[in-house]
Amino acid sequence: MKKRYLILYLLPAVFFAVVFFIIPLLYIVYISFFEWNGLNTMQPAGLQNYMDVLKDLNFRLAFKNTLVWMAAAVFIHIPLGLFLALLLNRKIFGWKVFRILYFLPNVISITALAFLWYFIYHKDMGLLNWALRMLGQESLVRGWLTDLSTALPATLVPFSLYVGLTTVIFMTQLATVSDDLREAAILDGARGFQMDRYLYIPLAKPAVLTNLMLNVAFCLKNFEYPFVMTSGGPINSTTTLALYVYKKMMNANQYGISMVGSIFTVLLGMGLMLIVSILQKREEE
């Protein structure tokens, strides 16, 4: 009897999963086999849409850019969040104020932050170029968001720096370290960086995996930063998978192609989440 009642608790979750994920996903798969502009009658296309997307250089570039975003998350964003969490964990002077300041950008919309950085990078009115001119570095002044060599790194900077949520997750994990473990480490002669290396960082591994999953998910759906700051330019050098899907649907009216891009994005996300789940299972074992 109890098991029957437990199933009732699962029904709302199953309902929302079916209605808001499985059915839309199946509809996306269905549309991907048709040529459609959103208005006229859908024409069967078979696997041609999939072949066209795989041959599309813009899709490959968007795929590569999305992987670059993920690399920034793994090698810059998450390590920076861990470093700040370890620093705040030492309860330095004003640590509560710093904790609020680090988290503040997370309560501001990404669109607003993207506009802020757009004007920081602006060639004529931008704060960055103004500072370079003041320092006498006129040769370094450029259009940061219009230069092929700097556009993608420039859009990555805000994401890499705003680590408030990542830091909070690490701090929550570090707060679970018992006083007994701390005292044992101190008795063994651990001090400063040694405490971080041998005690806190190993025990923060569950938070690393959590942050990895959250940041991978963000990179897969990353749209606002490249859309607001560069519109995916110059020459699609900053286009991500999410922006590629948007452009194919809203600009080119190629709904079938857009759905194929969405499917590849979902498959990439599922594959990466599977890898993270395997790592998490091994860590628990």
Side-chain angles (χ1 to χ4, degrees), residues 16-29 31-32 53 56 58-78 81 103 105-118 151-166 168-169 208-233 236-252 254-277:
F16 281 102
V18 171
V19 173
F20 295 104
F21 179 73
I22 294 178
I23 292 178
L25 181 61
L26 293 176
Y27 188 60
I28 287 174
V29 173
I31 296 177
S32 69
V53 168
D56 189 353
N58 290 328
F59 172 78
R60 297 179 188 177
L61 185 57
F63 190 90
K64 186 203 74 172
N65 290 340
T66 301
L67 294 180
V68 171
W69 274 83
M70 292 181 185
V74 173
F75 297 108
I76 301 176
H77 186 90
I78 294 177
F103 192 77
N106 289 89
V107 302
I108 304 174
S109 72
I110 296 178
T111 302
L113 292 173
F115 271 115
L116 171 65
W117 281 88
Y118 170 81
L152 182 59
T155 58
L156 286 168
V157 169
F159 166 68
S160 301
L161 293 180
Y162 297 142
V163 295
L165 179 60
T166 301
V168 168
I169 293 174
V208 172
L209 295 174
T210 300
N211 279 318
L212 188 60
M213 294 181 69
L214 291 175
N215 282 284
V216 165
F218 174 83
C219 292
L220 285 172
K221 61 185 182 67
N222 174 42
F223 172 82
E224 292 92 338
Y225 281 126
F227 179 74
V228 172
M229 296 174 71
T230 64
S231 296
N236 289 317
S237 61
T238 59
T239 298
T240 59
L241 285 174
L243 187 53
Y244 173 86
V245 171
Y246 172 85
K247 285 183 174 183
K248 287 298 180 182
M249 176 180 288
M250 304 304 295
N251 295 348
Q254 295 178 324
Y255 279 58
I257 296 293
S258 177
M259 296 304 105
V260 173
S262 300
I263 291 171
F264 282 130
T265 303
V266 171
L267 291 176
L268 175 61
M270 292 176 64
L272 293 173
M273 292 302 175
L274 179 61
I275 294 174
V276 174
S277 298

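Counting from 1, the numbers follow the sequence of the chain as shown.
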Search all heavy atoms of Leu156 against all heavy atoms of Ala72 and return the closest pair with its distance. CD2-CB, 4.0 Å
Could you give the distance from CD1 (Ile263) to CE (Met270), rounded to the nearest 0.5 Å? 12.0 Å
Who passes ring pair (Phe, Tyr, Trp, His ring centres under 6.0 Å) against Phe21, sequence neighbours left out? none
Worked verdict on Ile110 versus Phe218 for side chain to side chain contact (heavy atoms under 4.5 Å, CB included): CA-CA 11 Å; Ile110 296 178; Phe218 174 83; 3.4 Å; yes
Could you tell me whether Phe159 and Tyr225 have their ring centroids closer than 6.0 angstrom? no
Distance from Phe20 atom CZ to Leu25 atom CG, nearest 0.5 Å? 15.0 Å
In Å and rounded to the nearest 0.5 Å, what is the CE to CD1 distance from Met249 to Ile257? 12.0 Å
Donor-acceptor pair, side chain of Ser258 and main chain of Tyr255, under 3.5 angstrom: no
Beyond-backbone contact of Leu113 with Pro158, side-chain heavy atoms, under 4.5 angstrom: no
Would Thr230 and Thr238 count as having a side-chain donor-acceptor pair, cut-off 3.5 Å? yes
Taking the side chain from Thr239 and the backbone from Gly232, do they hold a donor-acceptor pair closer than 3.5 Å? yes
Where do Val260 and Ser32 land on the side chain to side chain contact (heavy atoms under 4.5 Å, CB included) test, with the steps shown first? CA-CA 5 Å; Val260 173; Ser32 69; 3.7 Å; yes
Rounded distance [0.5 Å steps], CG in Asn211 versus CD1 in Ile169: 4.0 Å
Once you measure the plane-to-plane angle for Phe223 and Phe227, does it fall in the parallel (<30°), tilted (30-60°) or perpendicular (>60°) bin? parallel
Short side-chain to backbone donor-acceptor contact, Asn65 and Leu61, under 3.5 Å: yes
Is it the case that the side chain of Asn215 and the backbone of Ala73 share a donor-acceptor pair, with hydrogens and angles ignored and the cut-off at 3.5 Å? no
Tell me whether Lys248 contacts the main-chain N or O of Met259 through its side chain, where contact means a donor paired with an acceptor under 3.5 Å. no
Partner of Thr240 by side-chain contact (heavy atoms from CB on, under 4.5 Å), out of Val245, Asn222, Thr265, Val68: Asn222
Atom pair CG (Leu241) and CG (Leu67), whose distance is rounded to the nearest 0.5 Å: 8.0 Å
Decide yes or no on side chain to side chain contact (heavy atoms under 4.5 Å, CB included) for Asn58 and Tyr244, but give the supporting numbers first. CA-CA 8 Å; Asn58 290 328; Tyr244 173 86; 4.2 Å; yes
Could you pull out the closest heavy-atom pair between Ala154 and Met229, with the gap in Å? O-CE, 4.0 Å
Rounded distance [0.5 Å steps], CE in Met273 versus CG in Leu268: 9.5 Å
Using the rule given for side chain to side chain contact (heavy atoms under 4.5 Å, CB included), can you reason through Phe63 versus Phe264, listing the C-alpha separation, both sets of side-chain angles and the distance that settles it, and then say yes or no? CA-CA 9 Å; Phe63 190 90; Phe264 282 130; 5.9 Å; no
